[in-house]
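The block underneath contains the structure these notes are about, expressed in structure tokens.
Here the structure is a predicted model, which is why all the values come from computation and not from measurement. Order of listing sets the numbers, starting from 1, for every ligand and every atom in it.
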Amino acid sequence: MDLALPGDEHPARVAVRSWLAAHPDPSPRQLAESGYVAPHWPRPWGLGADAVDQLVIDEELRRAGVRRPFNQIGIGWAGPTLIHAGTDAQQARYLLPLLAGEEVWCQLFSEPGAGSDLAGLSTRAERDGDEWVVRGQKVWTSFAHIAALGILLARTDADAPKHRGISYFICPMDAPGVSVRPILDMTGDHAFNEVFLDDVRLSTDHLVGAENEGWALAKVTLGNERVSLSGEGSLWGQGPTAADLVDLVRRSGGVRDLRLRQDLARVWSEGEVLRLIRLRTVSAAMSGRAPGPEASVRKALADEHGQRVMEMAVRLAGTRALLAGAGPTDPGVDDAFSWPEEVWAKGYLFSRALTIGGGTAEVQRNIVAERVLGLPHDPDVEQGRSWAETRSLPDGAAV
Ligand SMILES: Cc1cc2nc3c(=O)[nH]c(=O)nc-3n(C[C@H](O)[C@H](O)[C@H](O)COP(=O)(O)OP(=O)(O)OC[C@H]3O[C@@H](n4cnc5c(N)ncnc54)[C@H](O)[C@@H]3O)c2cc1C
């Protein structure tokens with residue numbers, strides 16, 4: 001597995017360095033127009049970059065301290081769906097502000113009665129002349145309170161089999177009839193919301209793809225979501241890794257308690273295995289091979305690993321972990337060990353969400369069982385559909 005990135009002469013490296021020399025402090029709009037926000041997207045939105053060029057560009061931006069605009073859902077999974085199925089007019093209207101983070105996007109998919117079984121959703125969109133009238137309720141909608149736009153699934157044919165009567169819309173969050181109510185999570189943060197849609201009128205140019213064929217697009221969105229949540233940090237690709245925790249412990253003088261040492265070593269080893277699985281996937285992509293089953297396995301393992309990293313941090317900190325920002329005085333750990341930031345305390349609480357959002361741990365296992373191991377499908381009682389199809393990936397895709 002050769003993962004050495006190309007050196008100074010590589011064209012993508014030369015290009016990004018010279019662009020950064022001309023734009024030492026780029027605005028979000030400049031970054032979006034340069035193609036460096038999502039270099040793997042096709043031109044003119046991205047650069048059509050292959051895996052090597054993407055890694056080189058990431059490395060150069062990181063080195064220059066340039067951060068991409070925040071728009072996790074927009075850039076991560078709404079944008080790729082619009083590239084896949086949006087009209088030219090939709091792409092021209094939405095993609096640049098999305099890449100620049102000028103219009104934050106949210107995802108209006110889950111409902112009180114439809115999470116894992118997403119195709120069971122009951123929000124309705126009825127045709128009225130040139131408009132659709134949308135009625136229903138969404139829940140757990142991250143960023144709805146700051147979003148300008150949402151990707152929305154609604155049922156447009158109540159008589160069709162449940163996967164066939166769904167359409168995919170773009171919903172302006174300031175449209176009359178959209179109301180957003182906050183839900184505070186257990187970290188105390190306000191990240192997700194309930195969204196009520198009361199006779200929201202959407203013109204036909206808000207429909208993405210064909211009427212009643214939204215389920216295929218939902219699978220494109222969900223496939224991209226899982227890839228986006230599979231980065232290196234232990235909180236859906238963000239935040240510290242197990243190796244960061246070990247470094248912190250080392251810098252603080254180490255752990256004396258033998259049991260803690262052993263458990264810390266186990267968590268670190270898990271993190272290394274996940275890192276190597278990820279590198280193997282990247283290496284396969286770099287040599288032009290499609291991602292193998294290890295990518296699906298990794299997502300199923302990584303969420304629970306993230307929880308174990310955070311649990312380990314709290315165990316190391318002892319009872320003082322209950323105080324965000326406090327340093328631990330556990331007898332197993334040197335006193336110098338302290339919380340570097342509230343990331344560990346918040347991360348511990350947030351980590352409970354890892355095995356729920358983006359497809360639950362059980363859903364991941366169903367995908368691995370059916371798509372990777374080829375085990376028999378878990379039948380959906382009503383429709384005879386595979387369970388993994390109810391909230392899962394395009395056929396053959398692996399995350
Ligand atoms: C932090 C966070 C952010 C989120 N952001 C968004 C967002 O922006 N937009 C959005 O649309 N949604 C969002 N969600 C919602 C998320 O997609 C759902 O929570 C998830 O799909 C699970 O659905 P549910 O909560 O309805 O649980 P349910 O589907 O009711 O599941 C409950 C439990 O039953 C298990 N289960 C259900 N059916 C089966 C089965 N057939 N076999 C085995 N086990 C089963 C599940 O694994 C789970 O453990 C977010 C969730 C979280 C935690």
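The contact set between ligand 1 and G115, taken as ligand atoms under 4.0 Å from a residue heavy atom, comprises 21 (O), 23 (O), 24 (P), 26 (O), 29 (O). Atoms of ligand 1 lying under 4.0 Å from at least one heavy atom of F109, given by number and element, are 11 (O). Numbered from 1 in the order shown, with element, the atoms of ligand 1 that lie under 4.0 Å from a heavy atom of G357 read 51 (C), 52 (C), 53 (C).
Within the 4.0 Å heavy-atom criterion, neither part of F143 lies near ligand 1. Residue contacts with ligand 1, taken as heavy atom pairs separated by less than 4.0 Å, involve I356 via backbone and side-chain atoms alike.
By the 3.5 Å distance cut-off applied to N or O atoms, E362 is counted among the residues near ligand 1. Taking only nitrogen or oxygen atoms, main chain and side chain alike, T360 reaches within less than 3.5 Å of ligand 1. In terms of N/O distances under 3.5 Å, ligand 1 is not approached by T141. Considering both main-chain and side-chain atoms, Q107 comes within under 3.5 Å of ligand 1 through a nitrogen or oxygen pair.
When all heavy atoms of V104 and N71 are compared, the pair lying nearest together is CA-OD1, 3.4 Å.
Residues H84 and T81 have side chains that never bring a donor and an acceptor to within less than 3.5 angstrom of each other. Q107 and T221 share no side-chain donor-acceptor pair at under 3.5 Å. A donor and an acceptor atom, one from each side chain of T141 and N193, are nowhere located under 3.5 Å apart. Remark: the S116 side chain and the E362 side chain contain no N/O donor-acceptor pair separated by less than 3.5 Å.
Relative ring orientation between F70 and F143 is described as perpendicular, the plane-to-plane angle rising above 60° on a 0-90° scale split at 30° and 60°.
When W105, W140, F350 are ranked by how near their heavy atoms come to atom 6 (C) of ligand 1, first place goes to W140.
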Test log, rule side-chain contact (heavy atoms from CB on, under 4.5 Å), inputs R352 and Q307: CA-CA 7 Å; R352 306 326 300 170; Q307 291 175 342; 4.0 Å; yes

